[in-house]
Amino acid sequence: MPGSLNPLATEPGQPAEGAPGHFGVTHLALIMDGNGRWATRQGLPRLAGHRAGLEAVRRLVKACIERNIAFLTLFSFSTENWTRPAEEVGELMRLLRFFVRSDLATLNRQNVRIRVIGEREGLAPDILRILNEAQDTTAANTGLTLVIAFNYGARAELVRAARHLAAEVAAGRLEPSAITEATVSAALDTSGIPDPDLLIRTSGEQRISNFLLWQSAYTELVFTPALWPDFDAAALDAALREFSQRQRRFGGI
Ligand code: IPE
Ligand code: IPE
Ligand code: MG
């Protein structure tokens, strides 16, 4: 089935597809939404919501490891999130730095491999350094692959891929007729990562917000009213159960 194969599934330390507990979800993608509303409802500044959201990230990573999910992609900062007030953007950058500094050793010990997707150009040098450090430190790990979508937007990703392929054609290394779905997939930031089986969005919003547009062509969508800081293992299990009841047809019968 296109995109549903985990090429790493038979390597040591990698859960086999269909392993108990994850209901056949090899790749879980998550739009972590609702931090601001969570804070506002409690009379706290939005920044408090982002801090509580980080706790939810830690919980979820642990839950995914326990459930043998092979890939977890977290939408942590979108290309459009730069339009937020400078103070909030600054806090989100600070939280990313804090997360890598405080959690990288633990993640490494948990055999988690970190991969970052999104636009690198224009990021502050210290943020770039930290993202690279997270990837390099965990590059040889064989457990959960944690894909951090940071400064990520699916349209921008598709534009980068188109430019790359156009440059290959212009250089005479690629025939336009040789461009296939596989070529495009391989030119995306998610190259080598199977398409998500399940995409969960918290906070009740029912939209994709420019996340993994190409990759989620046949992804099952689950929208949950829980605000991200309240999302826990029980909420994850409810979404996995809902996924397990879906019939995926991929255009067939
Ligand atoms: C998600 O929570 C976190 C990011 C987008 C970085 P929000 O900050 O979007 O929270 P709401 O949607 O305003 O409640
Ligand atoms: C999507 O949430 C981006 C992230 C979770 C990082 P937003 O809160 O930015 O999305 P919209 O603006 O409600 O569509
Ligand atoms: Mg939001």
Side-chain angles (χ1 to χ4, degrees), residues 27-61 63-64 71-100 102-103 114-120 122-124 127-128 130-131 134 146-160 188-190 193 196 198-216 219-232 235-236 239:
H27 182 177
L28 169 65
L30 238 149
I31 302 177
M32 312 182 285
D33 198 16
N35 292 351
R37 277 163 283 171
W38 182 89
T40 304
R41 272 178 206 179
Q42 309 191 40
L44 298 168
R46 287 178 58 86
L47 310 183
H50 295 312
R51 282 180 214 137
L54 182 56
E55 283 308 311
V57 167
R58 290 182 173 134
R59 271 202 308 269
L60 187 77
V61 168
C64 286
F71 296 86
L72 170 65
T73 299
L74 298 179
F75 203 1
S76 66
F77 191 86
S78 79
T79 45
E80 289 75 32
N81 288 149
W82 292 106
T83 60
R84 295 187 179 201
E87 188 199 4
E88 180 162 345
V89 169
E91 173 69 8
L92 290 167
M93 298 295 148
R94 208 187 61 73
L95 268 181
L96 175 77
R97 279 188 216 108
F98 173 75
F99 174 62
V100 173
S102 61
D103 288 40
I114 295 174
R115 177 137 165 211
V116 181
I117 60 171
E119 176 62 87
R120 302 296 173 85
L123 287 180
I127 292 283
L128 259 182
I130 260 176
L131 294 175
L146 174 61
V147 183
I148 301 176
F150 186 81
N151 194 23
Y152 177 86
R155 287 183 169 182
E157 178 191 35
L158 283 161
V159 167
R160 281 197 302 281
L188 296 173
D189 297 352
T190 49
I193 298 174
L198 171 62
L199 167 64
I200 303 173
R201 181 172 189 147
T202 60
S203 89
E205 308 295 358
Q206 303 194 1
R207 56 177 171 265
I208 299 295
S209 298
N210 201 14
F211 190 42
L212 302 176
L213 294 181
W214 170 278
Q215 299 88 337
S216 62
T219 297
E220 296 295 327
L221 309 179
V222 169
F223 300 101
T224 165
L227 300 174
W228 175 246
D230 293 328
F231 193 83
D232 58 10
L236 171 64

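Values below: every heavy atom of this structure, side chains too, minus hydrogens, waters and symmetry copies. For ligands, and for the atoms within them, numbers begin at 1 and follow the listed sequence. Residues take their numbers from the sequence shown, with the count starting at 1.
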Report, in ascending order of atom number, the atoms of ligand 2 lying under 4.0 Å from any heavy atom of Asp33.
2 (O), 8 (O)
Validation row: Phe98, Leu54 side chains within 4.5 angstrom (heavy atoms):
yes
Element-labelled atoms of ligand 1 that are located less than 4.0 Å from some non-hydrogen atom of Arg46:
7 (P), 8 (O), 10 (O), 13 (O)
What protein heavy atom sits nearest atom 10 (O) of ligand 1, and how far away is it?
Gly36 N, 2.9 Å
Any donor-acceptor pair under 3.5 Å linking the side-chain atoms of His50 with those of Glu88?
yes
Nearest neighbour in protein (non-hydrogen) for atom 1 (C) of ligand 2:
Ile31 CG2, 3.9 Å
Does at least one non-hydrogen atom of Arg37 fall below 4.0 angstrom from an atom of ligand 2?
no
Do Ser102 and Arg97 have side-chain N/O donor and acceptor atoms under 3.5 Å apart?
no
Which bit of Asn81 gets closer than 4.0 Å to ligand 1, counting heavy atoms only: side chain, backbone, both or neither?
side chain
Quick one: look up the protein heavy atom nearest atom 5 (C) of ligand 2 and list residue, atom name and how far away it is.
Met32 O, 3.4 Å
Can you tell me which N/O/S atom of Asp33 has the shortest distance to the Mg ion (ligand 3)?
OD1
Flag Leu92 as yes when one of its N or O atoms lies below 3.5 Å from any N or O atom of ligand 1, and as no otherwise.
no
For Tyr152 and Glu119, test the side chains for any donor-to-acceptor distance below 3.5 angstrom and give the result as yes or no.
no
Check whether any side-chain heavy atom of Ile117 lies under 4.5 Å from a side-chain heavy atom of Ile148, and answer yes or no.
no
If you have a sec, work out which protein heavy atom is nearest atom 12 (O) of ligand 2 and how many Å separate them, to one decimal?
Arg207 NH2, 4.6 Å
Atom 2 (O) of ligand 2: which protein heavy atom is closest, and how many Å away?
Arg201 NH2, 3.6 Å
Contact between Gly34 and ligand 1, counting heavy atoms under 4.0 Å?
yes
Which protein non-hydrogen atom lies closest to atom 6 (C) of ligand 2, naming both residue and atom, and how far is it?
Phe75 O, 3.3 Å
Output the list of atoms in ligand 1 that are nearer than 4.0 Å to some heavy atom of Ser76, sorted by atom number.
6 (C)
Counting from 1 in the order shown, the ligand 2 atoms closer than 4.0 Å to a non-hydrogen atom of Ser209 are 10 (O), 11 (P), 14 (O)
Which atoms of ligand 1 have any heavy atom of His50 under 4.0 Å away?
3 (C), 8 (O)
Looking only at the side chains, is there a donor atom on one of Arg155 and Thr79 sitting less than 3.5 Å from an acceptor on the other?
no
Taking only heavy atoms of Phe77 into account, list the atoms of ligand 2 that are under 4.0 Å away from them.
6 (C)
Arg94 with Glu91: basic N within carboxylate O range, under 4.0 Å
yes
Can you tell me if Glu205 contacts ligand 2 (heavy atom of the residue under 4.0 Å from the ligand)?
no
Sub-4.0 Å atoms of ligand 2 with respect to non-hydrogen atoms of Arg84:
7 (P), 8 (O), 9 (O)
Going by side chain to side chain donor-acceptor pair (under 3.5 Å), Thr73 matches just one of Gln215, His27, Arg115. Which one?
His27
With a 4.5 Å limit on heavy-atom distance, are the side chains of Phe77 and Met93 in contact?
yes
Under a 3.5 Å cutoff, is there a donor and acceptor pairing between the side chains of Ser203 and Arg37?
yes
I want to check something: taking the side chain as every heavy atom from C-beta on, are Arg160 and Asp189 in contact at a cut-off of under 4.5 Å?
yes
Does the side chain of Phe71 come within less than 4.5 Å of Leu28's, by heavy atoms?
no
